[in-house]
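Right, one structure below, let's go through it.
Below, chains carry the letters A, B, ... as their sequence lines are ordered, and counting in each starts from 1.
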There are 2 protein chains.
Amino acid sequence: MSIAERKEREKEEMRRNILSAALSLFREKGYDSVSIRNIADAIEYSPATIYLYFRDKSEIFAALQYEAASVMRNHFMPLLQLENPWERLIEFGHLYIDFGLKHSDLYDLIFIIRAPMEHVENQECWNVGMTVHKFFSETVQACVDARYFKSTDTATIAYTLWAYVHGIVALFVRDRMRMYPPEKREELARKSLTMFTKMMEVL
Amino acid sequence: MSIAERKEREKEEMRRNILSAALSLFREKGYDSVSIRNIADAIEYSPATIYLYFRDKSEIFAALQYEAASVMRNHFMPLLQLENPWERLIEFGHLYIDFGLKHSDLYDLIFIIRAPMEHVENQECWNVGMTVHKFFSETVQACVDARYFKSTDTATIAYTLWAYVHGIVALFVRDRMRMYPPEKREELARKSLTMFTKMMEVL
DNA sequence: AATTTTTGTGAACAGTGTTCATATCCAAAA
DNA sequence: TTTTGGATATGAACACTGTTCACAAAAATT
């Protein structure tokens, strides 16, 4: 049974090969302007070969989106150490913005890019991205339960906080902070977060 | 001199013809997947003709972006009636979200799409989009001057408020609110805004 | 009426995603 | 060891893309 296993392993290697080439090309040139032929060139295979491992270009995209979501989930792992829900929520904000500024391309992949949602698999991968939001909601719920907020409208609170951090990252990722000098942008984002944290205390 | 004027007028008509065809195609099929040939077909001219009026596809994009920014500016005109800066700021938030939800495609054009910034002209059109932010900042400054905020850090306040409303609209526009039922999304956005407005009172 | 300028176009070039018949390879069966 | 069968890889093709350019038609100027 070793030959079949090796075959399986080789197949998986090839998939990874394609995906890593695709990702690095995407980082360089942007998602839209990288072609199947570019990826094929990078891995030194024929364009047609790629279609043996992925149904079409959007499936490559979906696979990368899935991986990006995994990276983001891992980024939030340290939160599990924090018992206090309020601390967890505050740290969540910091980690969220950290991730967005550091891995702009992955964030874009998950939360900004107009995803080609043709495949059923995408539904699944979208759910992975949504895990973040779910974790967010749960933390807010814990804060509500522990009376850290006056309001009990968990849904609206979670959405409001999420919209804010998303706004911060989205403006950064899509280069809409030109009115601020490049070296000040990150600082401004963090200053804003502490300001927002203070604002949260009235909730 | 009447002939030259007429020529100029016809040239302008043709530009408008191209732009309106492009915009309506963009609304239908998305910006990336509409081709010059599609636009040419729509206006019943040869693809090559379009290049007599626009240097390339991205210039058509830039022109539309410019127009979108104008529409948005007009959307905010009622604000000029409001003397009180705090009222103006609150109404700004409502109008911002109104615009984002109603004209999602235009908002996308201005604040989300990865703009092809090759041309110098884009700098100009970007400035138009930035006008909104400038107006925003000025209103915040007026509020600071009138002691509506405890804080005097105008830049950070303006950025924080802007990030929030952008976050709200961006999540909506790019379809990242799937966890909320479609008919509840607008309501949630508005509820969140009133929540955020309350939060602003601690600033 | 002849000439110049403006406006429009078909054909072409190099690129794209995708498909498919064909060729190559390699493990298992004869 | 040779033959067979199934997986893997590919060149060529199809219909598309943005863009250019030599050329034609039309309109304005001389």
Side-chain angles (χ1 to χ4, degrees), chain A residues 1-19 21-23 25-26 28-64 113-119 121-122, chain B residues 1-19 21-23 25-26 28-64 113-119 121-122:
Chain A
M1 277 301 142
S2 182
I3 39 79
E5 282 176 19
R6 200 208 61 210
K7 288 254 174 180
E8 188 59 37
R9 216 168 46 233
E10 282 175 354
K11 195 151 193 147
E12 201 52 41
E13 261 174 40
M14 187 65 163
R15 269 183 68 94
R16 288 232 50 76
N17 199 5
I18 293 170
L19 285 179
L23 181 59
L25 282 174
F26 285 164
E28 286 172 37
K29 318 205 296 174
Y31 302 94
D32 276 330
S33 46
V34 44
S35 68
I36 296 286
R37 283 172 179 82
N38 293 153
I39 302 172
D41 281 354
I43 62 171
E44 298 178 301
Y45 276 83
S46 155
T49 303
I50 292 178
Y51 287 87
L52 296 179
Y53 297 88
F54 296 94
R55 202 178 320 166
D56 53 24
K57 194 184 177 184
S58 83
E59 200 178 273
I60 299 178
F61 173 86
L64 284 177
I113 279 208
R114 258 189 230 285
M117 300 285 193
E118 300 128 27
H119 303 314
E121 298 91 319
N122 268 49
Chain B
M1 279 299 139
S2 182
I3 39 76
E5 281 175 21
R6 200 209 61 211
K7 287 254 174 181
E8 189 60 35
R9 216 168 46 232
E10 281 176 354
K11 195 151 196 148
E12 201 52 40
E13 261 175 40
M14 187 63 162
R15 271 183 65 95
R16 287 233 50 78
N17 201 4
I18 294 170
L19 284 179
L23 181 59
L25 282 174
F26 286 163
E28 286 172 36
K29 317 204 296 173
Y31 302 94
D32 276 330
S33 45
V34 43
S35 68
I36 295 286
R37 283 172 179 82
N38 293 154
I39 302 171
D41 281 354
I43 61 172
E44 296 177 305
Y45 275 83
S46 156
T49 304
I50 292 178
Y51 287 86
L52 297 179
Y53 297 88
F54 295 94
R55 199 176 322 165
D56 53 24
K57 194 185 178 184
S58 82
E59 200 177 275
I60 298 178
F61 173 86
L64 284 177
I113 277 210
R114 258 189 230 284
M117 299 285 192
E118 301 128 28
H119 304 315
E121 297 91 321
N122 269 47

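Phosphate proximity of C:dT16 to A:Ser35: present, with a side-chain N or O under 4.0 Å from OP1 or OP2.
Picking from C:dT16, C:dT9, D:dA9 the nucleotide with the shortest atom distance to the side chain of B:Leu52 gives C:dT9. The nucleotide whose nearest atom lies closest to any side-chain atom of A:Ala48 is, among C:dC20, D:dT20, C:dT18, C:dC20. Closest contact between the side chain of B:Tyr53 and the listed nucleotides C:dG8, C:dC20, D:dT17 involves C:dG8. For B:Asn38, whose side chain is taken as the heavy atoms from C-beta onward, the closest listed nucleotide among C:dG17, D:dT17, C:dC20 is D:dT17. In the set D:dA9, C:dG17, D:dT19, D:dA9 carries the atom at the smallest distance from any side-chain atom of A:Tyr45. Taking every side-chain heavy atom of B:Ser46 into account, C:dG10 is the closest of D:dA9, C:dG10, C:dT18.
For the pair A:Arg37 CZ and C:dT19 C1', the interatomic distance rounds to 12 Å; values are reported in whole Å. When rounded to the nearest whole Å, the span between OH of B:Tyr51 and C1' of D:dT19 equals 5 Å. As rounded to whole Å, 15 Å separates atom P of C:dT5 from atom NZ of B:Lys11. Atom P of nucleotide D:dC16 and atom NZ of A:Lys57 are separated by 18 Å, given to the nearest angstrom. For the pair B:Glu10 CD and D:dA26 C1', the interatomic distance rounds to 12 Å; values are reported in whole Å. Whole-Å rounding puts the B:Asp56 CG to D:dC21 C1' distance at 17 Å. Atom-to-atom, CD1 of B:Ile50 to C1' of D:dT19 comes out at 12 Å; the value is rounded to the nearest Å. Rounded to whole Å, the distance from CZ on A:Phe54 to P on D:dA9 is 13 Å.
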- Item | Derivation and outcome, side chain to side chain contact (heavy atoms under 4.5 Å, CB included), residues B:Ile39 and B:Tyr45 | CA-CA 9 Å; B:Ile39 302 171; B:Tyr45 275 83; over 6 Å; no
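The neighbour count for B:Glu10 CD, taken as heavy atoms of other residues, nucleotides or ligands under 6.0 Å away, is above 12.
Interatomic distance, B:Asp56 CG to B:Ile36 CD1, rounded to the nearest 0.5 Å: 8.0 Å. With rounding to the nearest 0.5 angstrom, the CD1 atom of B:Ile43 is 10.0 Å from the CG atom of B:Leu25. Rounded to the nearest 0.5 Å, atoms CG (A:Asn17) and CD (A:Glu12) are 11.5 Å apart.
The residue among A:Thr49 and B:Val34 whose nearest nucleotide of DNA chain D lies closer to the 5′ end is A:Thr49.
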